Amino acid sequence: MTIDKFNFAGKKAIVRVDFNVPLNEEGKITDDTRIRGALPTLKKILADGGALIIMSHMGKPKGKVNAKYSLSQIVDAVAAALGTPVQFAPDCAKAQEAAAALKPGEVLLLENLRFYPEEEGKPVGIEKEDPAYEDAKKAMKASQKEFAKTLASYADCYVMDAFGTAHRKHASTAVIADYFDADHKMLGYLMEKEVQAVDNVLKDIKRPFTAIMGGSKVSSKIEIIENLLSKVDNLIIAGGMTYTFTKAMGGKIGISICEDDKLDLALDLIKKAKEKGVNLVLAVDAKIADAFSNDANTQFCAVDEIPDGWEGLDIGPKTEEIFANVIKESKTILWNGPTGVFEFENFTHGSRTVGEAIVEATKNGAFSLVGGGDSVACVNKFGLASGVSYVSTGGGALLEAIEGKVLPGIAAINE
Ligand code: AMP
């Protein structure tokens, strides 16, 4: 079924959205891209005369109730975005009554799905090495099905619109689809749009294709970096990952973030890039600080000559120029992850420069795709969102889709 064809009048729809929005210390939303992204689907359901049950995760509460990740914090923002009151179900697995009482046009937001370990379906409190692990996994899969069935019981139809988590086979993103027939489950508008944007890139890659991979750790991005090597012409490595590469090549990185167990991996990536003829672009200088703070003392230095007690928190001016030049000559651009600790005002310059170069390349005809919570927050912070071709709500999901993988959230609907 497609959402456009479905008439929600008199129906209760349970919609998986990705409202994993960044919050500041006071619990205020700092970037509402993901809420805005889901509005077309949510509004269509209400406009048709349907009742809406919204479910999402937030953060990584690891299967436990944690007020820091409560979706109660975003009820008012969702209500404002929808222009209608939003009821809140404080326990997502005990919302039967609230769901049953919903009338057409009414909205119920469920508490964070990940307060239950069943959402992710990973056994808790047991290590993979434990002989009892396999049994625990089986038991968890069974209770995951029960959990998904409970969520499904609230509604007549299911809409999957959480692109940001579509690469996960979780209770609410995939397993739940088993409890609806093909005529009562569908992708939402955001999913359709995101899939289209990825298709636009993959169908006909205009070259040079440049990927800019930033963020904190190599370990979380290793697989995608490897896969990108067979697709891109230029691979720019930025952010905290830089220092694992620099150290691996024998450089001095002071107290910069580094994954010592990934040094060989970094060298291996450098070798693979060479073999595949990919231009791997690494930083040559850094903006360094004597503390992990916006108020730290700073200076610029060569990326491999960082003094003891100092750490690289952004790229330096020479690197900015190198990155910007590569970007400006590109015809397809994928950006995931900031070049530095952009949350601190004094370390935003590199990310801003990269964002501006992408906008310029886009003006000159490039197709640019920005994805991942932090890079999206960057383009929004710098007012550049309208200058890029497409801002995705997905990070990992976008990257996996670009790799050509079938996302479980999509497979569950189409099967
Ligand atoms: P990720 O979630 O892996 O995309 O990483 C995003 C995070 O990486 C942001 O919160 C940045 O503050 C952080 N980051 C980027 N550059 C650095 C750096 N040089 N040192 C420490 N953290 C960094």
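Nothing fancy with the numbering, it's 1 onward along the sequence. All figures in this text were calculated on a predicted structure; none of them were measured in a lab. Indexing begins at 1, ligand by ligand and atom by atom, following the structure's order.
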Closest to atom 23 (C) of ligand 1 among protein heavy atoms sits V341 CG2, 3.4 Å

Separation between CZ (R168) and CG (D18), nearest 0.5 Å, reads 11.5 Å

Point to revise | I257-ligand 1 polar pair, N/O distance under 3.5 Å | key: no

- Task: Could you tell me whether D314 and ligand 1 have an N or O pair separated by under 3.5 Å?
- Result: no

query: Is it the case that more than 12 heavy atoms not belonging to K405 sit under 6.0 Å from its NZ atom?
result: yes

Determine, using heavy atoms of K221 and all atoms of ligand 1, whether some pair is separated by less than 4.0 Å. yes

Nearest non-hydrogen contact to atom 15 (C) of ligand 1 from the set G340, G395, S216, C378 belongs to G340

among protein heavy atoms, the one nearest atom 9 (C) of ligand 1 is E343 OE2, 3.3 Å

Do we get K287 above F347's six-membered ring, with its NZ or CZ under 6.0 Å from the centre and within 45° of the axis? yes

* At the 4.0 Å heavy-atom cut-off, does Y243 count as touching ligand 1? -> yes

- Is T339 close to ligand 1, meaning an N/O of one under 3.5 Å from an N/O of the other? no

So the atoms of ligand 1 within less than 4.0 Å of a heavy atom of G239 turn out to be 16 (N)

Within 4.0 Å of some non-hydrogen atom of G312, the atoms of ligand 1 are 18 (C), 19 (N), 20 (N)

Exercise. Decide whether an N or O pair under 3.5 Å exists between G240 and ligand 1.
Key: yes

Would Y179 and Y158 count as a ring-ring contact (aromatic ring centres under 6.0 Å, His included) here? Give the steps. CA-CA 9 Å; Y179 300 96; Y158 166 63; over 10 Å; no

